[in-house]
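Step one of this worksheet: look at the structure below.
None of these values were measured; they are calculated from a predicted model. Hydrogens, waters and symmetry mates are skipped; everything else that's a heavy atom, side chains included, is used. A note on names: the letters A, B, ... follow the listed sequences, proteins ahead of strands, and every chain is numbered from 1.
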Amino acid sequence: MMLPSVRSMTSSAAQPSGDAVAMVEARRAELRAAKRRQSLLLLVVLAVAVLVAGHLGEVSWQKFVDGLPRFGRYIMRTMPQLSLESFGADMSRWMWNFRVWVGLLVDTVLIAFVATTLGVAGAFALCFAASDNLAPNSIVYHAARRTLEVLRTVPELVFALLFVFAFGLGAMAGVLAIALHTMGVLGKLFSEINETVSDRALEGVVAAGAARGQVIRYGVVPRVLPGFISYTLLRFEINVRSASVIGFVGAGGIGQELMFVINQFIYRDISAILLLLIITVALVDILSEWLRHRIIGGELQR
Amino acid sequence: MTPPDTRRLEDLAQKYPGTVRPRPLTLWRRRTLIIAFLIAFLAAAQALGLAPGAFFSGLSDLGIITRQMWPPTSKGFFVEYLHALAETVAIAFLGTIAASIISVPLGFLGARNVVRNGFIHFGLRRALDIVRGVDVLIWALIFVSVVGLGPFAGILAIALNDTGVLAKLYAEAVENADRRAGDGVRAAGGGQADVARLAIWPQVFPVFLSNSLYFFEANTRSATILGVVGAGGIGFFLADRIRVNAWSDVAFIILMILPTVALIDWLSRYLRRKALGRAARDPAPVAET
Amino acid sequence: MLEIEGLTRKFGDTIALDAVSLRIAPGEFVGVIGRSGAGKSTLLRLINRLVEPSAGRIVFDGADVTAKRGGALRDWRRQAAMIFQQFALVDQLSVLENVLVGRLALTPRWRTWTLQFKAEDRALAIEALDRLDMAQHALKRADELSGGQQQRVAIARALVQEPRLILADEPVASLDPRSTAAVMGALKRINAEDGLPVLCNLHHIDLARDYCTRIIGVRRGQLVFDGPVEALDDAAIRSIYDQ
Ligand SMILES: Nc1ncnc2c1ncn2[C@@H]1O[C@H](COP(=O)(O)OP(=O)(O)O)[C@@H](O)[C@H]1O
Ligand SMILES: [Mg+2]
């Protein structure tokens, strides 16, 4: 890195051999020019991309200028009227449907919990076949990889739309949708962890005559489990957020109620539900962080 | 070696407690945890009203849907779908760019080693937590209320939601930037702004770039569903075709989404590698959806 | 009796082992010496079937080892116990569990999923550790031990495999002199007490002289010396180590 002080020092020290300095300076100028040309080209490409995307995205300055104050007004309208004198009464008026909302939020967390558990089970079942160092053969390997890829590329909301049709409105569709997507995402991440275990590390178990499943159980699982747990908890946090919106398509949780109040412009309820949702999400994050430290710091990593 | 006889076995058990037979406590702690987890799982499933019967009958419906998906057809909507896909990518692209630009100043403001004012730091971090705690689809729904139906609402939703995550990641990158480099600038008489520009910026820029590219990838996935709430992109057609049970159209759209997402994945990975060299590693999978 | 006939292994253009034939009788302590890259590890790994031969045969007590597949192959690996330079333990498992890995091929598979073994197996593992003076460390995590201790755990794992043959690939190359003496002493004792043949790759000729009854010299994949330790004179050493 070029700090101002360093630069002045080097140039004065190199004073005696003027030619060499000139040569180095010339080469430097050349390099800088090349780099600048490259940056300029990149900038032009980026600018064109932005313009094209702006056209496709129907972006206009006018919309932005109009929209920003409207967003401000929207937020202001959702703010509850709370005063210090009648705080309790104001609060209970704002949170008038507290019990129902909390019930739906509990459902939301439970959906995330059940879906994460099922997704992890699926991911665990498939991740070893999807690791290039552990797969029994290349057909199984590619089949497992492609399956996981499709599962993680199809968004959970699309699964939810399909499942609401098949399983009916309610949590079942949401749980299955999030579980399948989680299986795809975690399966890929798990298999990447598996691939960090070298063949050499497994030789001790293989040479003792262990079968493939035993090599995985004794040589791989103990090494990868902390990573699996860490990713699983992170995914649980993300799934709570996903579970908050699958209700938009009728697949359970707080989403349906939230969509109703937003579409009906029931401003105070919007802020009330969002506040409760943010608190829920924060609590889940704290819990998950605590679990991560306990489990990974502890002895449960076999 | 052959297994020891009963007497020898008892001797060993006595001499090295907890080895020949595991200590009951170690054994039961594990078992209790597993049983407790299973009970929690079943109780949660019960509370949600998940019934095996409904699952299996739904499975047969799903089988019917899957069969009706074949063969996938566009019914002459191919160009419209293509346009909607381009719109999806545009939403993700512009949303990411907007979030990246907003996140740079926020990232510096939210870093403890740049802005030492604890109040600003705390306030900004909590504001970001709030933005991040609300799913992008909720923001999309709100922006549809504010600016109307269309991709513009989607762009704003992605920009806002990503700012919550990116600014936090940027702030952490700034905090992790090498302290000594900053001390060097300070020793040479530089102010706080010089430290940020000369010492921290060169170190954190690659991290910023890598994260932004990674988010572009993730946002392309999220943008495919924004249309479900009317915020633009291919999701509109997808939700619509599902609503009218046009399953072969649904299959066609999904088969168009898969390669598009794969292409953006590949592009983002290529650019990340190109921009950062070998050191390019995936950031934490927080953004992966 | 282990019989090897024309055993060959190629890696691309490299001939790691070139038509090696030899016989090893019960109770022998055979040292394999040669330069780095001569093919010593390849020989041992071929015998355990970690590496597949390009040509040649391995026969043990009249049975063709090179033809074994599936369960028979795994059972052979159990009988030809390997000891590695880097110990090849699983750091995250306890010492006892690492030793029990040696019982995997002798335990019904469903039993091994939960890392639960029968008391008899566990007692056997403890006894093996006791023989190597390691039983007091049984419940520690493997990575809490020193290198010499880890290698002794690896030997205990080999013992509970109920092996017919011990293959040690530079077992002391990563150890200090005291641990070296402990590990080599343990191998020698097992060789003497159980009558197990030991095939041991060694870097140091002095070690080979101290512990082995017979020496095999390998140079560029070929067997260039095979005789009792007394026959290993300067001329023989030069022929093994010179280019
Ligand atoms: N897995 C492998 N792939 C390619 N070449 C190998 C492999 N294993 C061994 N070799 C080569 O075979 C030769 C013999 O290696 P090795 O048996 O490890 O020698 P030593 O143990 O005597 O040092 C070396 O030239 C080595 O590079
Ligand atoms: Mg070797």
Side-chain angles (χ1 to χ4, degrees), chain A residues 1 3-5 49-50 52-54 56-59 63 66-67 70-71 74 106-107 110-111 113-114 117 149-150 152-155 157-158 161-163 165-168 170-172 175 181 185 189 231 234 238 241-242 244-245 248-249 252 258-259 262-263 265 270 274 277-278 281-282 300, chain B residues 41 44-45 47-50 54-55 58-59 61-62 65 86-87 89-91 93-94 97 129-130 133-135 137-138 141-143 145-147 150-152 155-156 181 184-185 188 190 198-199 202 221-222 224-225 228-229 232 238-239 242 245 250 254 257-258 261-262 284-286 288-289:
Chain A
M1 191 179 320
L3 304 178
S5 53
V50 168
V52 172
L56 280 166
E58 298 167 19
V59 177
K63 266 191 194 170
D66 289 350
R70 260 199 260 156
F71 183 57
Y74 186 94
V106 169
D107 275 1
L110 291 183
I111 288 172
F113 169 64
V114 173
T117 306
E149 244 160 50
V150 170
R152 67 189 265 276
T153 305
V154 178
L157 207 71
V158 174
L161 279 164
L162 292 175
F163 291 167
F165 189 82
F167 298 96
M172 173 85 78
V175 164
H181 186 69
V185 175
L189 290 170
Y231 276 142
L234 263 176
I238 294 170
R241 291 161 169 83
S242 306
S244 71
V245 294
F248 285 12
V249 298
L258 186 57
M259 179 141 112
I262 292 176
N263 283 344
F265 298 97
I270 298 174
L274 284 185
L277 175 62
I278 288 163
V281 165
L300 260 178
Chain B
F41 177 81
L48 291 171
L50 306 183
F55 174 73
L59 223 48
D61 284 357
L62 200 62
I65 294 176
E87 195 176 285
V89 176
I91 291 170
F93 181 65
L94 291 177
I97 287 203
D129 284 346
I130 289 175
V134 176
D135 193 89
L137 214 61
I138 299 175
L141 197 61
I142 289 176
F143 278 118
S145 299
V146 175
V147 300
F152 191 58
I155 295 169
L156 293 179
V185 175
L198 291 166
R221 293 162 197 270
S222 357
T224 56
I225 49 159
V228 173
V229 298
L238 196 56
I242 291 175
N245 302 345
V250 172
I254 290 178
I257 292 177
L258 295 182
V261 170
V286 278
E288 189 138 358
T289 50

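- Ile142(B) CD1 to Leu274(A) CG: the interatomic distance, rounded to the nearest 0.5 Å, is 5.5 Å.
- Using a 4.5 Å cut-off between heavy atoms, Asp66(A) makes no contact with chain B at all.
- Using a 4.5 Å cut-off on side-chain heavy atoms (C-beta onward), Met259(A) and Leu141(B) make contact.
- Val228(B) places none of its side-chain heavy atoms less than 4.5 Å from the side chain of Phe248(A).
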Q.
Checking Leu277(A) against Ile138(B) for the side chain to side chain contact (heavy atoms under 4.5 Å, CB included) test, could you report, in this order, the C-alpha distance in whole Å, the side-chain angles of both residues, the deciding distance, and whether it holds?
A. CA-CA 11 Å; Leu277(A) 175 62; Ile138(B) 299 175; 3.7 Å; yes

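- Here the closest heavy-atom approach between residue Phe143(B) and residue Phe71(A) is recorded as CE2-CD1, 3.6 Å.
- Chosen from Gly252(A), Gly67(A), Ala53(A), the residue pairing most often with chain B at heavy-atom distances under 4.5 Å is Ala53(A).
- How far CZ of Phe165(A) is from CG of Asn245(B): 3.5 Å, rounded to the nearest 0.5 Å.
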**OP:** Check the pair Val134(B), Ile278(A) against side chain to side chain contact (heavy atoms under 4.5 Å, CB included), reporting the backbone distance first and the verdict last.
**Re:** CA-CA 7 Å; Val134(B) 176; Ile278(A) 288 163; 3.9 Å; yes

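- With values rounded to the nearest 0.5 angstrom, Leu48(B) atom CG is found 5.5 Å from Ile111(A) atom CD1.
- Smallest separation of non-hydrogen atoms from Ile155(B) and Gly57(A): CD1-O, 3.9 Å.
- Chosen from Leu156(B), Ile130(B), Leu94(B), the residue pairing most often with chain A at heavy-atom distances under 4.5 Å is Leu94(B).
- Contacts with chain A were tallied for Ala90(B), Ala54(B), Gly49(B), Ala262(B); Ala90(B) has the most, counting heavy-atom pairs under 4.5 Å.
- For the pair Phe163(A)/Leu62(B), a side-chain contact is recorded, criterion being any heavy-atom separation below 4.5 Å from C-beta on.
- For the atom pair Ile65(B) CD1 and Leu162(A) CG, the distance stands at 6.0 Å (nearest 0.5 Å).
- Heavy-atom distances place no part of Val89(B) under 4.5 Å from chain A, backbone and side chain included.
- Atoms CZ and CZ, from Arg221(B) and Arg152(A) in turn, are 4.5 Å apart once rounded to the nearest 0.5 Å.
- Both the backbone and the side chain of Phe41(B) come within less than 4.5 Å of a heavy atom of chain A.
- When every heavy atom of Asp61(B) is checked against every heavy atom of Ala166(A), the shortest pair comes out as OD2-O, 3.3 Å.
- In this structure, the side chains of Leu56(A) and Ile91(B) stay at 4.5 Å or more apart for every pair of heavy atoms.
- Contact annotation for Val147(B): both backbone and side-chain heavy atoms come within less than 4.5 Å of a heavy atom of chain A.
- Only the side chain of Val175(A) comes within less than 4.5 Å of a heavy atom in chain B; its backbone stays farther off.
- Judged purely by atom type and a 3.5 angstrom limit, Arg70(A) uses its side chain to pair as donor or acceptor with the backbone of Val146(B).
- Residue Ala282(A) does not touch chain B at all, counting heavy-atom pairs closer than 4.5 Å.
- Taking the side chain as every heavy atom from C-beta outward, Ser145(B) and Ile262(A) approach each other to under 4.5 Å.
- Closest approach of Ala47(B) to Leu110(A), counting heavy atoms only: CB-CD1, 3.9 Å.
- Listed by chain and number, the residues in a ring-ring contact (aromatic ring centres under 6.0 Å, His included) with Phe152(B) amount to none (sequence neighbours excluded).
- For the set Val106(A), Thr117(A), Val281(A), the entry with the most heavy-atom pairs within less than 4.5 Å of chain B is Thr117(A).
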